[in-house]
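All of these numbers come straight from a predicted model, not from anything done at the bench.
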Amino acid sequence: MHEDALSMQERLQALWRMESPGLIARLARMLGGDIGRAEELVQDCWLAALERWPLEGMPDNPGAWLMTAARNRAIDVLRQRQRIAGQHAQWGDMLHAAAASAPDDDDALGDDIGDDLLRLVFVACHPVLSADARVALTLRLLGGLTTQEIARAFLQPEPTIAQRIVRAKRTLERRQVAFEVPRSAELPARLHSVLEVVYLVFNEGYAASHGEDWMRPALCEEALRLGRVLVARLPAHAAVHGLLALMELQASRGAARTDADGRAVLLEQQDRARWDWLQIERGLAALQRARELRGEDDRYVLQAGIAACHARARVAAHTDWAAIAALYDRLLQVQPGPVVALNRVVAVLRAEGPLVAWGQLQPLLLEPRLQAHAPLWVVRGEVLARLGRDEDARAAFLHAAGLSGNAREREALVARADAFR
């Protein structure tokens, strides 16, 4: 492909990812929450742009061009509905509101789109949808990812993802989910669903559950972008700042988590000079803000506090494992469960030694929910290694490798097992 054509294609792809969520959100509000129709109209505008811009050149303000074209199409739909329904007064009011909601001032337009984006986040993450459907719809509408990209990210057949998205839209329409941010009494429960989806997307990017790649950075970036939207629109909610802090702090290690050949590099072996220290500063600032909002016992704030303990250690040996264990104690009270308890064992191993950790690991080794959970056997291997039981440690790491669905993780675990030969 010619270099100029490739450059144009790359610019168009980046523009779509940046602009499509706001366009869909804006049109969905104009169309009374009809997300499916809004997405169709935005795609129509995009196809028109793809036909015209390579020949005529990209406009000076391509976002404004797309917004004007999309808004005009939405107004045409409203007029068509007006004619069909014969409800002149009702649709006349809506048309008037739609026309009035397109200010020329760029700052006002940005604020308006930001509010619409927040509404779209809450709709895409609505609890009436399954967790898988929420993730797929969020990535489609708010991440600007194609169905093919989502399918590739989660190693699912493209038709499966397409059907999941279609069913999600139909469910929202059938259940008549309002295109709005929930009122204050309903907000905490709904916000929990939103944050859960954003963190699911981030985690799949940070440590891919399946496939050949250790990380999928694009998913981390989309989750961070959503987290920043939420912080901008819900600045008084500690959990929102806590989640953003957690994601910023974890994402700061991205460049150090793989070597030149793409192999996984574990936390204690990472070159911390490769960590993004500016991103760490952003994460620590978000954590401080969450605590100022009295969110000390929120689960995301506590997890961000744990990540901050790692981030503040310029060398692995300086990690404050006692503080991490104490934070896990608090997290267990807020979010009791075997996975949190297992993570706490790792901190206890570093802070108090293998004998204490081995005692605390025993009930978890009998926990049915953890038997197919590779990290259980990784932790068992680490504790056994510290106890000098090399052969048992090797067997544990090999068992963990057999349970992992990620090729890079399996490779790292086999290498750890081979170190005991």
Side-chain angles (χ1 to χ4, degrees), residues 20-43 74 77 81 94 113-147 149-151 153-154 156-205 209 219 222-223 225-227 229-231 233-234 237 239-240 242-243 298-300 335 337:
S20 63
L23 293 169
I24 293 168
R26 185 72 180 278
L27 264 61
R29 177 171 58 80
M30 290 178 63
L31 298 172
D34 189 344
I35 292 175
R37 191 74 175 107
E39 188 181 14
E40 289 174 7
L41 295 177
V42 170
Q43 289 173 345
V77 169
R81 289 178 178 177
M94 289 185 69
I113 289 174
D115 291 335
D116 288 340
L117 272 173
L118 186 59
R119 295 184 186 99
L120 188 58
V121 169
F122 275 91
V123 171
C125 301
H126 198 286
V128 300
L129 303 176
S130 68
D132 287 345
R134 278 179 265 164
V135 168
L137 191 60
T138 298
L139 289 174
R140 174 69 172 171
L141 297 179
L142 290 145
L145 274 66
T146 65
T147 304
E149 288 171 324
I150 300 169
F154 288 94
Q156 295 280 332
E158 188 174 345
T160 298
I161 295 296
Q163 291 170 7
R164 190 173 294 166
I165 292 170
V166 168
R167 284 197 298 268
K169 292 177 188 174
R170 286 175 179 167
T171 298
L172 293 174
E173 183 178 1
R174 185 175 67 253
R175 299 291 290 271
Q176 297 183 329
V177 172
F179 190 75
E180 63 184 10
V181 176
R183 300 186 184 277
S184 56
E186 303 170 350
L187 185 59
R190 288 283 300 280
L191 183 58
H192 173 79
S193 173
V194 170
L195 298 182
E196 186 177 55
V197 169
V198 174
Y199 196 39
L200 279 171
V201 172
F202 179 84
N203 272 338
E204 185 60 31
S209 57
L219 292 182
E222 296 304 333
R225 187 158 67 93
L226 287 173
V229 168
L230 289 167
V231 162
R233 294 293 147 182
L234 297 171
H237 290 266
V240 178
L243 176 58
D298 174 80
R299 64 171 178 154
Y300 295 113
Q335 188 184 358

Any side-chain heavy atom of Leu145 sitting closer than 4.5 Å to one from Leu219?
yes
Side chain to side chain donor-acceptor pair (under 3.5 Å) against Arg299, all qualifying residues, sequence neighbours excluded:
none
Would Ile150 and Ile165 satisfy side-chain contact (heavy atoms from CB on, under 4.5 Å), going step by step from the backbone distance to the final call?
CA-CA 11 Å; Ile150 300 169; Ile165 292 170; 4.2 Å; yes
Qualifying salt bridge (charged side-chain N to carboxylate O under 4.0 Å, His left out) pairs with a residue from residues 163-180, counting only residues at least two apart or across chains:
Glu39-Lys169
What pairs of residues pass the salt bridge (charged side-chain N to carboxylate O under 4.0 Å, His left out) test when at least one of them lies in residues 124-134, not counting sequence neighbours?
Arg134-Glu196
Quick one: salt bridge (charged side-chain N to carboxylate O under 4.0 Å, His left out) partners of Arg37, sequence neighbours excluded?
Glu40
Derivation of the side-chain contact (heavy atoms from CB on, under 4.5 Å) call for Val121 and Thr138:
CA-CA 7 Å; Val121 169; Thr138 298; over 6 Å; no
ring-ring contact (aromatic ring centres under 6.0 Å, His included) partners of residues 169-203, not counting sequence neighbours, each pair once
Tyr199-Tyr300, Phe202-Tyr206
Check side chain to side chain contact (heavy atoms under 4.5 Å, CB included) between Ala38 and all other residues, then give those that pass, not counting sequence neighbours.
Ile24, Leu27, Ala28, Leu31
Can Arg225 and Glu222 be counted as an ion pair, charged N to O under 4.0 angstrom?
yes
Checking the side chain of His237 only, and the main-chain atoms of Ala239 only, is there a donor and an acceptor separated by less than 3.5 Å?
no
Which pair of heavy atoms, one from Leu117 and one from Gly22, lies closest together, and at what distance?
CD2-N, 3.8 Å
Check whether any side-chain N or O of Ser193 sits under 3.5 Å from a backbone N or O of His126 as a donor-acceptor pair, and report yes or no.
no
